[in-house]
Amino acid sequence: MLALPLMLAACFGGDGDRPSLMDGGQAGGPQPFPDNFRSDALALIHAYLNNPVGVRDASMADPVLREVGGRQFYISCLRFTPRESDGSYKAVRERAVVYVNGRGDRVVDRANELCAGAVYAPFPELEKMAR
């Protein structure tokens with residue numbers, strides 16, 4: 001359980017001008033609320049999925065502050081069932097979107113701890129994605 005923040009912090013290593021969760025960088029101060037969290041999450045998931053068409057059972061939780069890598073960041077949790085390459089549907093997936101400086105930054109696969117207690121509402125925009 002204690003290893004999760006360290007694993008997540010490793011995922012947030014510096015990418016040139018991108019803020020890093022491990023250094024002071026732009027991510028060091030209080031984080032602003034991500035005003036465009038729905039459209040940012042939609043754009044990140046669209047890029048994240050191999051085939052964004054045919055997503056089912058999509059829901060999203062409003063962003064909340066969570067600790068990631070020793071700092072507070074807004075996290076929004078998503079649940080959805082993507083269509084597999086063979087056209088079938090498998091288990092519902094839960095992912096977390098991390099916002100840095102008020103903008104969608106990353107999708108976190110292992111979202112169990114980050115999304116604990118999340119309150120989900122339907123997210124039909126995710127079900128309407130096209131290539």
Side-chain angles (χ1 to χ4, degrees):
M1 184 186 279
L2 294 175
L4 180 63
L6 293 175
M7 290 187 312
L8 289 174
C11 294
F12 290 95
D15 290 339
D17 62 344
R18 264 182 121 160
S20 169
L21 298 185
M22 296 306 290
D23 62 30
Q26 298 171 350
Q31 291 294 300
F33 185 83
D35 292 325
N36 299 314
F37 67 90
R38 293 177 76 83
S39 59
D40 283 2
L42 196 59
L44 284 170
I45 291 295
H46 188 272
Y48 171 82
L49 294 173
N50 289 333
N51 181 6
V53 178
V55 171
R56 291 184 180 170
D57 309 318
S59 58
M60 180 179 200
D62 286 344
V64 295
L65 280 171
R66 298 273 193 221
E67 187 171 312
V68 179
R71 292 212 173 88
Q72 296 286 314
F73 291 91
Y74 278 98
I75 305 291
S76 184
C77 296
L78 300 170
R79 281 189 182 154
F80 57 92
T81 306
R83 184 168 34 182
E84 302 296 328
S85 58
D86 65 0
S88 69
Y89 289 89
K90 295 190 178 150
V92 173
R93 294 185 186 169
E94 185 173 54
R95 300 294 184 258
V97 174
V98 178
Y99 301 89
V100 176
N101 296 326
R103 295 180 52 199
D105 187 68
R106 305 182 188 253
V107 176
V108 177
D109 289 341
R110 297 180 187 190
N112 295 346
E113 186 176 319
L114 290 173
C115 293
V119 177
Y120 291 91
F123 189 29
E125 298 95 314
L126 193 61
E127 297 177 5
K128 297 175 185 172
M129 286 190 299
R131 283 189 185 245

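Everything numeric in this text was worked out from a predicted model, so none of it was measured. Computation of the quantities below employed the complete heavy-atom set of this structure, encompassing side-chain atoms and omitting hydrogens, waters and symmetry-equivalent molecules.
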**OP:** Kindly indicate whether the side chain of Pro34, heavy atoms from C-beta on, has any atom under 4.5 Å from the side chain of Pro63.
**Re:** yes
Subject >> All pairs passing ring pair (Phe, Tyr, Trp, His ring centres under 6.0 Å) where residues 83-120 contributes a residue, at least two apart >> reply: none
**OP:** With sequence neighbours left out, write down each residue that passes side-chain contact (heavy atoms from CB on, under 4.5 Å) with Val64, or none if nothing qualifies.
**Re:** Arg66
Original post:
In Å and rounded to the nearest 0.5 Å, what is the CG to CZ distance from Leu126 to Arg79?
Top reply: 14.0 Å
**OP:** Find out if a path of hydrophobic residues (ILVMFWY) with successive side-chain heavy-atom gaps under 4.5 Å connects Val100 to Val108.
**Re:** yes
**OP:** Name all pairs fulfilling the disulfide (SG to SG under 2.5 Å) condition that reach into residues 100-131, sequence neighbours left out, sorted by first residue then second.
**Re:** Cys77-Cys115
**OP:** Would you mind listing every side chain to side chain donor-acceptor pair (under 3.5 Å) that reaches into residues 39-57, with sequence neighbours excluded?
**Re:** Tyr48-Arg95, Tyr48-Asp109, Asn51-Arg131, Asp57-Thr81
Original post:
Taking the side chain as C-beta and beyond, is there a heavy-atom pair between Ile45 and Phe80 under 4.5 Å?
Top reply: yes
**OP:** Please list all pairs passing the disulfide (SG to SG under 2.5 Å) test where one or both residues lie in residues 83-113, with sequence neighbours left out.
**Re:** none
Original post:
Which residues pass the salt bridge (charged side-chain N to carboxylate O under 4.0 Å, His left out) test with Arg38, sequence neighbours left out?
Top reply: Glu125
**OP:** Flag yes if Leu65 and Met60 sit in one hydrophobic cluster, no otherwise; membership is Ile, Leu, Val, Met, Phe, Trp, Tyr, and two members link when side-chain heavy atoms are under 4.5 Å apart.
**Re:** yes
**OP:** Answer yes or no: is there a side-chain heavy-atom contact under 4.5 Å between Leu78 and Glu94?
**Re:** no
**OP:** Tell me, with the steps shown, if Leu42 and Met129 meet side chain to side chain contact (heavy atoms under 4.5 Å, CB included).
**Re:** CA-CA 8 Å; Leu42 196 59; Met129 286 190 299; 3.8 Å; yes
Original post:
Residues two or more places apart in sequence or in another chain: which of them pass side-chain contact (heavy atoms from CB on, under 4.5 Å) with Ser88?
Top reply: Glu84, Asp86, Lys90
**OP:** For Phe37, enumerate each residue passing the ring-ring contact (aromatic ring centres under 6.0 Å, His included) test, keeping only those at least two apart in sequence or located in another chain.
**Re:** Phe33
Subject >> Check: Val55 and Leu49 side chains under 4.5 Å, non-hydrogen atoms >> reply: yes
Original post:
Are the side chain of Gln31 and the backbone N or O of Phe73 linked by a donor-acceptor pair below 3.5 Å?
Top reply: no
Original post:
Val97 versus Ile75: any side-chain heavy-atom pair under 4.5 Å?
Top reply: no
